[in-house]
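Step one of this worksheet: look at the structure below.
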Amino acid sequence: MNWFSILSHESYKLHNYFKTFSYSKKLVLTAIFSALAAILQSTGNFLPGVGYLISPFATLPILICTIISIPIGIQSYVLTFLLLILIQPGESFVFPFTTGIVGLGIGIALLIIKRRIGIIVFTSILLTGGICFLLYVFHFPVLGPIASTSFSLKVIGFICIFSFVYSWVWVELSMFIFKKWYKLMGEK
């Protein structure tokens, strides 16, 4: 694995493919993916235990919408947030700063930054900022009993490492999915 390789070949080709869609088709996809993201994000409360393993996949619909276009990704991010306010108000507080920002960050980085290390670092900075914002500004225990809401450099270091690894896994997973998706579409 080359940290400085360009990753966005398939994602950029998918982005160009989605450019051919009409605006109404893009809006329908936004609504569908936003509803899916809201359902996935709220599984942690609906299905305790296994739902916490499913809820991180709320990142994928936001990521796909961002690959369609960055404004569509932002619309999907906001719409998912609004749906979560109705479905699970507690999750609407966590989503914009964690799983939502990761999907939006990876999608934007794939289209603009393009290099693996840049994408991972950009997304991990966004995720670290989001988690620290929830922990230290709102004093919301987003990490549960693992970390207290009082300021600690050790906890911030752990959050940075976790965010880097989490972003790395999501970048690799998204590239795997986009490669398979592009193969299924065939050469266009």
Side-chain angles (χ1 to χ4, degrees), residues 1-19 29-30 32-34 36-44 49-70 72-74 76-77 80 91 94-134 142-143 146-147 156-188:
M1 175 180 65
N2 185 358
W3 286 98
F4 297 99
S5 63
I6 295 176
L7 292 183
S8 61
H9 298 299
E10 286 81 11
S11 58
Y12 201 73
K13 289 174 186 174
L14 287 170
H15 174 71
N16 285 334
Y17 172 72
F18 285 123
K19 279 185 181 179
L29 285 173
T30 301
I32 291 169
F33 283 126
S34 297
L36 180 62
I39 291 167
L40 289 170
Q41 182 68 33
S42 58
T43 56
V50 72
Y52 292 114
L53 298 174
I54 297 170
S55 67
F57 288 100
T59 297
L60 188 59
I62 304 299
L63 173 59
I64 292 170
C65 285
T66 308
I67 291 298
I68 292 172
S69 80
I70 293 173
I72 293 292
I74 293 169
S76 177
Y77 176 78
T80 303
E91 289 295 325
V94 174
F95 172 78
F97 301 105
T98 56
T99 53
I101 201 72
V102 170
L104 200 58
I106 291 174
I108 290 170
L110 280 170
L111 296 175
I112 295 174
I113 298 173
K114 300 179 182 176
R115 297 212 183 265
R116 175 181 275 126
I117 190 69
I119 295 166
I120 295 169
V121 168
F122 176 73
T123 308
S124 64
I125 288 170
L126 289 175
L127 183 57
T128 299
I131 292 172
C132 288
F133 187 76
L134 284 174
V142 69
L143 299 176
I146 295 173
I156 291 175
F158 166 75
I159 292 170
C160 288
I161 293 168
F162 167 78
S163 297
F164 186 85
V165 172
Y166 187 82
S167 299
W168 179 27
V169 168
W170 261 109
V171 167
E172 297 302 325
L173 181 63
S174 64
M175 292 316 303
F176 175 78
I177 291 169
F178 290 151
K179 284 179 184 178
K180 295 294 181 186
W181 189 2
Y182 191 72
K183 268 187 193 176
L184 285 174
M185 283 180 22
E187 294 293 325
K188 293 190 178 190

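All of these numbers come straight from a predicted model, not from anything done at the bench.
Here the CD1-CG distance, from I67 to N16, works out to 11.0 Å after rounding to the nearest 0.5 Å. One distance of note links OG1 of T30 with CD1 of I74; it measures 11.5 Å at 0.5 Å rounding. Once rounded to the nearest 0.5 Å, the distance linking CD1 of I177 with OG of S11 reads 12.5 Å. To the nearest 0.5 Å, atom CG of residue L29 and atom CG of residue L36 are 12.0 Å apart. Distance check, rounded to the nearest 0.5 Å: SG of C65 to CZ of F33 gives 6.0 Å. M175 contributes atom CE, which lies 11.0 Å from atom CG of L173 (distance to the nearest 0.5 angstrom).
The side-chain heavy atoms of V94 and V142, taken from C-beta on, include a pair separated by under 4.5 Å. In this structure, the side chains of I131 and F97 stay at 4.5 Å or more apart for every pair of heavy atoms. The shortest side-chain heavy-atom distance between L40 and L60 does not fall under the 4.5 Å cut-off. Here the side chains of L110 and H15 are not in contact, with every heavy-atom distance at 4.5 Å or above. T80 is not listed as a side-chain neighbour of Q41, based on a closest heavy-atom distance of 4.5 Å or more. Side-chain contact between S167 and I106 is absent, with no heavy-atom pair separated by less than 4.5 Å. The closest side-chain heavy-atom distance from I156 to C132 is below 4.5 Å. Between L126 and V102 the shortest side-chain heavy-atom distance does not fall below 4.5 Å.
S124 and S163 share no donor-acceptor pair across their side chains, judged by distance under 3.5 Å alone. If you check the side chains of T99 and T59, you find no donor sitting under 3.5 Å from an acceptor.
Among all heavy-atom pairs drawn from Y166 and P56, the shortest one is OH-CB, 3.4 Å. Of all heavy-atom pairs between I62 and A37, the closest is CD1-CB, 4.1 Å. In this structure, Y77 and G100 approach most closely via the heavy-atom pair CE1-C, 3.5 Å. G51 and T43 make their closest contact through O-OG1, 3.1 Å (heavy atoms, listed as atom of the first residue, atom of the second, distance).
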- Item | side-chain contact (heavy atoms from CB on, under 4.5 Å) assessment of L111 paired with I70 | CA-CA 9 Å; L111 296 175; I70 293 173; 4.0 Å; yes
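Side-chain atoms of S174 come within 3.5 Å of backbone N or O of V171 as a donor-acceptor pair.
Atom CZ of F57 sits in a sparse spot, with 12 or fewer heavy atoms from other residues, nucleotides or ligands closer than 6.0 Å.
Screening W181, F178, Y12 against F18 for a ring pair (Phe, Tyr, Trp, His ring centres under 6.0 Å) leaves a single residue, W181.
By the 30° and 60° cut-offs, the orientation of the rings of F164 relative to W168 is tilted.
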